[in-house]
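For the numbers below, each heavy atom of this structure counts, side chains included, while hydrogens, waters and symmetry mates do not. Count residues from 1 along the sequence.
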Amino acid sequence: MTTYRAVLATNDGAFTLVDRELIEPGPGHVRIAVEACGVCHSDLYGVHNVIGNRPVGTPIVPGHEVVGRIDALGPDVTGWTVGQQVGLGYLGGHCGACENCRRGDFVYCTDQPVLGDSIDGGYAESVIARASGLVAVPEELGAAEAAPLLCAGITVFNGLRKGAPRPGDLVAVQGIGGLGHLAIQYAVKLGLRVVAIARGEEKRELALKLGATEYIDSAAGDPGKALQELGGATVIVATATTTTGASMTPLVEGLALRGRLIVVGAAGDPIEVSTSALIFGGRSIAGSLTGTPSENEENLAFSLANDVRPMVETVPLEKAADAYARMLSGAARFRMVLTTNNN
């Protein structure tokens with residue numbers, strides 16, 4: 001094969017299926033024959049160049065939940081083999097040389113490409129990436145079920161761990177969508193009591209089926225007060241990417257003593273909080289951004305051992321525009337995944 005198919009997105013949100021020449025990876029890079037790529041809400045940042053990671057008007061191949069097999073190694077790449085099943089998440093590989101990398105804080109590397117935003121991503125049959133960004137994917141996991149775990153999965157898995165709950169603690173998950181339905185599963189398998197919070201009654205049955213012991217309809221009253229009636233949450237993971245900061249504001253009052261609100265869903269407006277709620281309860285609010293490749297491997301191992309799986313809808317690569325639109329509409333249940341002819 002000398003060419004491969006890729007979906008090119010322009011700033012206006014248009015998608016075009018194109019053929020490209022297959023190229024060899026450079027030093028420190030590998031080429032991956034993509035088998036599956038999740039469609040994540042964060043893809044819109046790349047499609048519309050929201051952060052400005054590219055010159056204005058430059059098209060991009062979106063996608064950062066990639067699973068496939070290495071089919072070429074660049075010079076100086078060691079520890080990886082052709083044919084090995086691997087994945088890539090939101091971050092495209094740390095540089096290993098910046099100040100943050102020297103401290104071991106690879107997530108916040110200052111010279112790290114963002115897959116599907118500053119470099120071409122996984123809406124394609126082939127992708128080239130830094131070897132430092134690779135995640136080893138167990139053979140027992142299929143490509144389509146593993147792909148969403150590399151972004152949605154690691155995001156909520158690390159968010160929960162950063163909250164440092166102990167077995168038996170009450171933990172709340174706000175937003176029962178692509179991230180939230182995984183967060184409930186992780187929390188249950190970590191031995192936590194889980195409260196699901198969503199707007200309306202539509203997702204109550206699913207949340208309880210996934211293992212939540214309680215469900216709070218945030219449209220029916222103050223979710224913070226409802227949490228306090230249950231004893232207060234040690235950790236609240238706010239996952240909803242389509243919600244607002246204002247919807248997270250009342251959650252702070254639902255925290256137990258020294259409880260932590262972990263924000264993983266990006267909202268466009270601020271979270272407002274009274275200083276007394278923080279000071280007199282020792283409460284805190286923290287953000288959490290994805291994880292390192294090694295943390296992602298821990299996430300995959302935990303998911304495999306504890307049967308944590310995403311609910312996915314698979315569509316062929318050529319239907320990427322439809323999958324992206326379905327994801328944005330909120331109709332997906334719960335992760336759209338593109339598959340290629342490499343399967």
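- Here the side chains of L22 and S126 are in contact, with some heavy-atom distance below 4.5 Å.
- Residues passing the salt bridge (charged side-chain N to carboxylate O under 4.0 Å, His left out) test with R5 are E125, E318, sequence neighbours excluded.
- In this structure, E201 places its CD atom where more than 12 heavy-atom neighbours from other residues, nucleotides or ligands lie under 6.0 Å away.
- Taken together through direct or relayed side-chain contacts under 4.5 Å among Ile, Leu, Val, Met, Phe, Trp and Tyr, V156 and V171 form part of one hydrophobic cluster.
- By the salt bridge (charged side-chain N to carboxylate O under 4.0 Å, His left out) test, D111 pairs with R130, sequence neighbours left out.
- Cluster partners of L134 are V30, I32, V34, V66, I70, L73, V77, W80, V82, V86, L88, L115, I119, V127, counting Ile, Leu, Val, Met, Phe, Trp and Tyr whose side-chain heavy atoms approach within less than 4.5 Å, directly or via other members.
- In this structure, the side chain to side chain contact (heavy atoms under 4.5 Å, CB included) partners of A332, at least two apart in sequence or on a different chain, are E313, R326, M336.
- Although no hydrogens or angles enter the test, the distance criterion places no donor-acceptor pair under 3.5 Å between the side chain of D105 and the main chain of N100.
- D71 is linked by a salt bridge (charged side-chain N to carboxylate O under 4.0 Å, His left out) to R31, counting only residues two or more places apart in sequence or in another chain.
- The environment of CD in E139 is crowded: more than 12 heavy-atom neighbours from other residues, nucleotides or ligands sit within 6.0 Å.
- Listed by chain and residue number, T292 satisfy the side chain to side chain donor-acceptor pair (under 3.5 Å) test with S294 (two or more places apart in sequence, or in another chain).
- Residues satisfying the ring-ring contact (aromatic ring centres under 6.0 Å, His included) test with Y90, not counting sequence neighbours, are H64.
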Would you sort out whether R69 and E35 count as a salt bridge (Lys or Arg N to Asp or Glu O under 4.0 Å), showing the intermediate values? CA-CA 8 Å; R69 295 188 182 274; E35 296 181 356; 3.5 Å; yes
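- Atom-to-atom distance recorded for Q174:CD and I216:CD1 is 10.5 Å, nearest 0.5 angstrom.
- For the side chain to side chain donor-acceptor pair (under 3.5 Å) test, residues two or more places apart in sequence or in another chain that qualify with N53 are D117.
- In this structure, I236 and L255 have side chains that are in contact, with non-hydrogen atoms separated by less than 4.5 Å.
- K319 NZ: 12 or fewer foreign heavy atoms inside a 6.0 Å radius.
- In this structure, the side chains of F157 and L149 stay at 4.5 Å or more apart for every pair of heavy atoms.
- V173 and M311 fall within the same hydrophobic cluster, where Ile, Leu, Val, Met, Phe, Trp and Tyr residues are linked whenever their side-chain heavy atoms come under 4.5 Å apart, directly or through other members.
- Checked against salt bridge (charged side-chain N to carboxylate O under 4.0 Å, His left out), R199 has no partners two or more places apart in sequence or in another chain.
- If you chain together hydrophobic residues whose side chains sit under 4.5 Å apart, L182 and V235 fall into the same group.
- Put simply, the side chain of R54 gets close to the backbone of G46: a donor and an acceptor are under 3.5 Å apart.
- Atom-to-atom distance recorded for R283:CZ and S274:OG is 8.5 Å, nearest 0.5 angstrom.
- A 4.5 Å side-chain heavy-atom check between D120 and I60 finds at least one atom pair inside the cut-off.
- For the pair L300/V137, a side-chain contact is recorded, criterion being any heavy-atom separation below 4.5 Å from C-beta on.
- The side chain to side chain contact (heavy atoms under 4.5 Å, CB included) search around P293 returns V135, not counting sequence neighbours.
- You'll find the side chain of V337 stays beyond 4.5 Å of the side chain of V315, heavy atoms only.
- With a 4.5 Å cut-off on side-chain heavy atoms, I197 and L251 count as touching.
- With sequence neighbours excluded, the residues that form a side chain to side chain contact (heavy atoms under 4.5 Å, CB included) with L210 are H181, I184, Q185, L206.
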Would L192 and Y186 satisfy side chain to side chain contact (heavy atoms under 4.5 Å, CB included), going step by step from the backbone distance to the final call? CA-CA 9 Å; L192 305 169; Y186 283 120; over 6 Å; no
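- Every side chain to side chain donor-acceptor pair (under 3.5 Å) that E298 has, sequence neighbours left out, goes to R161.
- Taking the side chain as every heavy atom from C-beta outward, V188 and V308 never approach each other to under 4.5 Å.
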